[in-house]
Structures are given as structure tokens and as C-alpha cells.
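To start, the structure itself, in C-alpha cells.
Just so you know, ligand 1 is whichever comes first in the structure, and atom 1 is the first atom listed for that ligand.
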Amino acid sequence: MSSKTIPSCGPSTSADEMYAILGRDGCLVVRDLADSDTIRQVQEELSEPFARIAVEADDPKEFYPGNTRRMTALMHRSKTARHLMMNPVVEQLGNRHLSRNSKKWQLNVSAALEIGPGTRDQILHREEDLYTFWEPPRPNLILASMWAISDFTAENGGTQIVPGSHTWQAGRKATPDEVVRAEMSSGSVLFWLGGTLHGGGANVTKGDWRYGVILTYTLGWLRQEENQHLSIPLAEALALPPAMRSRMGFDQEYDGALGFYDESVLLGD
Ligand SMILES: O=C(O)CCC(=O)C(=O)O
């Protein structure tokens, strides 16, 4: 049992205050950031594709536990999730965390994650671990968010978080009393920094599935973990409002000329 907690605040807290807490603890719950209509719409839009995702048996050696359902490509699958991607609080925190190291920043991963009864704890990890060229603590590379679609509890798979671990040196392991499980009501969002140790939580309930939408963001000049350019049909991406397409990483010229393309080819020339 941990004596630590994940700090939380209301949606009207200033972005500077939120970011100060994130910088200090590496994690923050913003309560009730999405209204119930938004959450219901996300659920409705994702229900049909999600129903086609099989629940697999657990293999304790695997990074992703079994008894879970995971579905990616949410910018194609849910119009409402696009608005979660661009929520004004996300924009403000992203600007503060990521604009220091890149002129632009972009969506990294989008996934709907359901954790079923009997699921074990996921292995603790850092979102930034794929960028192996730096040792932790790394420069600001990633901001992560987990939107609670269902209520998150300590029993039903609430995300495990190790507050403060974004400042740790490589090799330091979390002890059980340093791990906290995110508890938040549907519509709230958990933010954490790319260097914060975290993982999906064990679900010890009898029948309560935990449902969340994870959206992470990375610097404009880093490769996205989920290939956003291949996660939405091109015609659909081209029809998006420019700011949304830009947040997905379709822009020309991130830092310097990174990402340039010939628009006449794109338009069928
Ligand atoms: O499901 C969660 O709460 C966290 C998921 C996660 O960390 C992952 O998918 O790598």
C-alpha cells in the first residue's frame, strides 16, 4: 500500500499551476475535464470496432497483460476522440512541456484500453523508453494523458503511477509502496510525463471492466510510436481542420525542413 498520492485539481485550475504540479510530481489528475455527452459519444463511436477486438489469454512474459482489449487508430475511429486530442488543457500543457524542445509537437499514440477482471499489473515502464539514445532522466520528450471513460478505481485497473519517478536515474526500481493507482471518475484525465514510471493496473474486481483512452504526444522531430500517417485514410486526414491535421503530425516543416512533401503529388498530380 502506497503512502503517496497522485495530485488532482479541478478543470479551472490555471495551466501554469497544473504544469508546476506535473513538473514536481510527474503526474496529475484533472477532474471532470470532459462532460458526460463527450464520454458517451466516444463510447458509442468506438463500440462497434471495439466489439471486434478479441480478449486474449494472459502470457505472464508479455508486456501487455491478457484479459484486456486494446484498439488503436482512434483519430479515424472516433470523431469525438479528435476533440479529446485537442482539449484546451492538453494544448496548454503540451505547449509548456514540449515546445521547449521542438517548434511543433504531435500526437504519438492513440488507444482505447479496457482492463477486465483478473488482469495482472502491467510491467512499469516509461513512455520515453523507446527513445533509447538517452538515459533517464531524459529531456522533455513526451506528455501522456489517460481519459477515464469508465470510473477508474484502485481495484478495477486504475493506472499504476510512480510519482516523482520522472527525475530518477536509470536503474532505480520502484518499491511497492511507491506505486499509486489512479482513482478518478469518468470524464477525468490523468496526465503524466514521458519519464514517469507507470503501467496498467491489476483488476481484482469480479465484473468491473476499466475503460480508458490513452493519448500521448511527442516532439515534432521524433518518430511517432503509432504511425499516424497510416492510421487514418489519406482523404479523411486531408478533410480534417488544419490544426487537427497538424496535431496529428501531417504538417510540412517541423523543425527546419523536417517532413516536407510535394503537395501536387498528394493532390493526385
Ligand atoms: O492502461 C493503462 O492504464 C496504462 C497503459 C499503458 O501504460 C500501456 O499501454 O503501455
Quiz item: Between the side chains of S14 and D16, is a donor N or O closer than 3.5 angstrom to an acceptor N or O?
Solution: no

Exercise. Show which atoms of ligand 1 fall inside a sub-4.0 Å distance from at least one heavy-atom site of Q122.
Key: 5 (C), 6 (C), 7 (O), 8 (C), 9 (O), 10 (O)

Practice problem: Look only at interatomic distance and state if E127 has a nitrogen or oxygen under 3.5 Å from any nitrogen or oxygen of ligand 1. | Solution: no

Exercise. Would you check if P137 and W168 make a side-chain contact, meaning some heavy-atom pair closer than 4.5 Å?
Key: no

Practice problem: Check the side chains of H198 and E127 for a donor-acceptor pair under 3.5 angstrom, ignoring hydrogens and angles. | Solution: yes

Quiz item: Considering only heavy atoms from C-beta outward, does the side chain of L197 approach that of R126 to under 4.5 Å?
Solution: yes

Quiz prompt | Proximal ligand 1 atoms for G200, defined as those under 4.0 Å from one of its heavy atoms | solution = 1 (O), 2 (C), 3 (O), 4 (C)

Quiz item: At under 4.0 Å between heavy atoms, which part of R181 makes contact with ligand 1: side chain, backbone, both or neither?
Solution: neither

Quiz item: When you measure from atom 10 (O) of ligand 1 to every protein heavy atom, which one gives the shortest distance, and what is it?
Solution: H125 NE2, 3.0 Å

Quiz item: So, is W192 polar-close to ligand 1, with some N/O to N/O distance under 3.5 Å?
Solution: no

Quiz item: Is a side-chain donor or acceptor of R77 paired with a backbone partner of T72 at a separation under 3.5 angstrom?
Solution: yes

Quiz item: Hey, is ligand 1 close enough to Y64 that some N/O pair sits below 3.5 Å?
Solution: no

Self-check item: Distance filter under 4.0 Å to H198 heavy atoms, resulting ligand 1 atoms
Solution: 7 (O)

Quiz item: Near T159, which atoms of ligand 1 are under 4.0 Å from a heavy atom of that residue?
Solution: 2 (C), 3 (O)

Exercise. Write out the residue and atom name of the closest protein heavy atom to atom 1 (O) of ligand 1, then the distance separating them to 0.1 Å.
Key: R210 NH2, 3.0 Å

Exercise. Using a strict cut-off of 4.0 Å, indicate which atoms of ligand 1 neighbour a heavy atom of M146.
Key: 1 (O), 2 (C), 3 (O), 4 (C)

Exercise. Given side chain to side chain contact (heavy atoms under 4.5 Å, CB included), test Q106 with T218 step by step and report yes or no.
Key: CA-CA 5 Å; Q106 54 185 344; T218 190; 3.9 Å; yes

Quiz item: Going by atom types alone, do E45 and T80 pair a side-chain donor with an acceptor below 3.5 Å?
Solution: yes

Quiz prompt | Sub-4.0 Å heavy-atom contact, R70 with ligand 1 | solution = yes

Practice problem: Run the ring-centre check on H97 versus Y217 and record whether the distance is less than 6.0 Å. | Solution: no

